[in-house]
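Report on the following structure.
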2 protein chains.
Amino acid sequence: MIEKLGNPEIGRRGLMLVLSSPSGAGKTTLTKLLRDEEPSLTLSISVTTRPRRPSEVDGVHYFFKTADEFKDMRDRGDLLEWAEVHGNFYGSPRKEIDKALAGGNDILFDIDYQGAMQVRKTAPDDVVSIFILPPSIPELRRRLERRAEDSATVIQQRLKNAKNEIDRWRDYDYVLVNDDLQATFAKIRAILAAERLKRERQIGLPKFVSGLLAHL
Amino acid sequence: MIEKLGNPEIGRRGLMLVLSSPSGAGKTTLTKLLRDEEPSLTLSISVTTRPRRPSEVDGVHYFFKTADEFKDMRDRGDLLEWAEVHGNFYGSPRKEIDKALAGGNDILFDIDYQGAMQVRKTAPDDVVSIFILPPSIPELRRRLERRAEDSATVIQQRLKNAKNEIDRWRDYDYVLVNDDLQATFAKIRAILAAERLKRERQIGLPKFVSGLLAHL
């Protein structure tokens with residue numbers, strides 16, 4: 001596990017990075033940058049009951065399950081968080097995540113606010129949560145309009161949702177104002193680097209320090 | 001308050017950075033680098049009862065006080081931490097520190113383990129503590145010998161002290177293994193950047209978010 005800003009020789013427990021923001025504040029681009037530049041950060045693969053699209057691969061994009069299989073997993077406590085969206089179920093499988101964390105791998109969660117709060121409740125010590133704010137509402141509107149793909153009604157709806165989403169900022173560990181994409185990306189990387197150096201996460205430290213003290 | 005990795009327009013409460021390490025692990029050099037490269041980080045000026053040396057300036061190197069003045073300060077609760085070393089008193093004046101923190105300035109503490117624990121107890125939310133470990137004991141010995149200024153007896157004593165000092169690693173927020181000075185410095189800067197972005201420290205956020213929401 002060699003990392004530029006880690007303590008390479010010391011075993012580390014992974015962390016769960018939760019990134020939230022209102023639509024248009026830059027989360028999708030930042031997630032893409034993170035996946036490109038932080039290879040030790042893997043995206044959590046969700047379990048879902050929605051039908052597989054032709055382009056999707058089971059175990060890569062999602063784990064596809066029947067509603068009965070999903071409910072069994074949920075009722076056995078095998079999901080770290082779950083939600084029902086438009087009649088389909090989505091959830092994060094606990095076993096895969098625990099394995100990744102124990103192996104020192106960090107996991108990026110692309111989940112909504114409710115999911116983020118569920119994950120934090122189940123594993124408070126493993127979660128690092130970041131909330132991204134837009135620098136201003138006119139700028140948020142411009143970004144939504146620049147996407148061009150959305151109708152005026154959709155943009156209006158997204159702005160209306162933004163109000164409720166922004167109101168959640170108090171539930172996050174870190175809050176960033178995304179006035180410059182590269183600067184915000186640098187901030188997220190600094191947070192990742194720092195959180196990886198937290199004493200509790202460096203589970204190999206007791207062994208390392210014992211080795212040191214044995215020489216004294 | 002313009003900082004490369006901060007949210008410039010948002011008022012921030014400063015933090016107290018406590019750096020500890022056994023003698024020879026690199027703390028002095030890292031402190032110097034921090035003071036050169038992080039201008040927003042100021043060193044806490046201690047109060048002391050020890051006589052002023054000709055080269056020292058009152059209010060720059062120390063606040064020089066009589067024993068009675070010092071005891072008055074201590075008994076009034078005006079010191080964040082204090083200690084008696086070789087018959088002289090040393091302490092950190094609370095008022096100066098509170099003023100700096102409220103103004104968004106970070107303070108670097110060059111205090112020993114006991115002082116660090118006192119500061120943490122008085123102001124747990126404001127303290128960020130980092131413990132620096134040497135990569136190995138032979139390397140620690142080499143670094144102590146390289147200083148050349150110390151006799152073999154002094155080096156032996158420092159190595160003996162190192163054992164007790166290293167044992168304190170569990171009391172710190174972050175633990176770094178200093179196997180490369182520049183890499184360790186980069187880690188400290190990442191920790192500083194991240195800690196400055198903690199939600200609780202950005203005391204201007206409620207106002208900023210209210211301003212955002214007023215546009216929706």
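Letters go in sequence order (proteins before strands), and every chain restarts at 1.
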Exercise for the section: Look at atom CZ of A:Arg76 and say whether more than 12 heavy atoms of other residues, nucleotides or ligands are closer to it than 6.0 Å. Expected result: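 Yes, CZ of A:Arg76 has more than 12 neighbouring heavy atoms, counting only those of other groups under 6.0 Å.
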
Problem - Test applied, side chain to side chain contact (heavy atoms under 4.5 Å, CB included); reference residue, B:Leu212; option that passes from A:Val177, A:Leu140, A:Ile137 - result: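 Going through A:Val177, A:Leu140, A:Ile137 one by one, the side chain to side chain contact (heavy atoms under 4.5 Å, CB included) with B:Leu212 is satisfied by A:Ile137 alone.
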
Problem - Validation row: B:Lys198, A:Tyr174 side chains within 4.5 angstrom (heavy atoms) - result: yes

Problem - Contacting moiety of A:Phe131, where chain B heavy atoms sit under 4.5 Å - result: neither

Practice task
Counting only heavy atoms closer than 4.5 Å, note whether A:Leu133 contacts chain B via side chain, backbone, both or neither.
Solution key: side chain

Select, from [options], the one with the greatest count of heavy-atom pairs under 4.5 Å involving chain B.
options	value
A:Leu159, A:Ile166, A:Val209, A:Ile191	A:Val209
A:Arg201, A:His215, A:Arg170, A:Glu200	A:Arg170
A:Ala162, A:Pro206, A:Pro135	A:Pro206

Taking every non-hydrogen atom, the tightest pair across [X] and [Y]:
X	Y	answer
A:Gln202	B:Val175	NE2-O, 2.8 Å
A:Arg199	B:Asp171	NE-N, 4.5 Å
A:Ala190	B:Ala194	O-CB, 3.9 Å

Practice task
Drop me the distance from B:Leu197's CG to A:Asp173's CG, to the nearest 0.5 angstrom.
Solution key: 12.0 Å

Practice task
With rounding to the nearest 0.5 Å, note down the distance linking CG in B:Asp167 to CG in A:Leu216.
Solution key: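 One finds 10.0 Å between CG of B:Asp167 and CG of A:Leu216.
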
